[in-house]
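This report refers to the structure that appears directly beneath it.
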Amino acid sequence: MKYWLMKSEPTVYSITDLQEDGQTIWDGVRNYQARNFLRQMDIGDRVFFYHSNTTPPGIVGLMTIIENQVADPTQFNQDSPYYDPKSTVNSPRWQTVKVEFMEAFPAILTLDTLKKTFNPEDLLVVKRGNRLSIIPVNLTIADQILQLVNYN
DNA sequence: GCCAACGTTGGC
DNA sequence: GCCAACGTTGGC
């Protein structure tokens, strides 16, 4: 089992939205590096849910992968801002995953705390200028994040 | 609202 | 294939 971190702006889709929906297709990713990480995800992997572009930003919960190699439906939808005319049903360009809600943390684990706890090399999300919306988190760091959640 | 970082586009 | 211009992300 691997750990990941995925960002979402809470005004677009929040941990509360996921809690209500139960599960969702993580659509709209249009960055090749992020997509390549999505392709590496397996069923059962766990994902930290990160709220970006909000005050304060930080990790707010945990979800798990229940389906992988999912063709992002928005790439075929002409009315979607994520429509990709170069993508076809037979050879979709954008794969993603379906995630299921696991838990919302009792309190947000803020970016500020993450910066104080981890080195940028160990946790990419605290690295200045990093804009990747999907990043891998190694097991050691994931354990430490979960411990922080439990102790707070 | 500012702006640094950085990805993408398109002319050449 | 280079790189300037432009667009987007996202913290502050």
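A, B, ... follow the sequence lines: proteins, then strands. Residue 1 opens every chain. Model, not experiment: these values are computed from the prediction.
Between A:W26 and A:Y13, the angle of the ring planes goes over 60°, which puts this pair in the perpendicular group of the 30/60° scheme.
A side-chain donor-acceptor contact under 3.5 Å links A:T74 and A:D72.
Residue A:K127 is out of contact with every strand shown, counting any heavy-atom pair closer than 4.0 Å.
Atoms CZ and CG, from A:F49 and A:D17 in turn, are 7.5 Å apart once rounded to the nearest 0.5 Å.
As a member of the Ile/Leu/Val/Met/Phe/Trp/Tyr network built from side-chain separations under 4.5 Å, A:V70 groups with A:I25.
Nearest-nucleotide positions on DNA chain B for A:N53 and A:N130 put A:N53 closer to the 5' end.
For DNA chain B, the span of nucleotides reached by chain A at under 4.0 Å from its heavy atoms goes, 5' to 3', from B:dA4 to B:dT8.
A:W4 does not carry A:R46 over the face of its six-membered ring by the limits of under 6.0 Å from the centre and within 45° of the normal.
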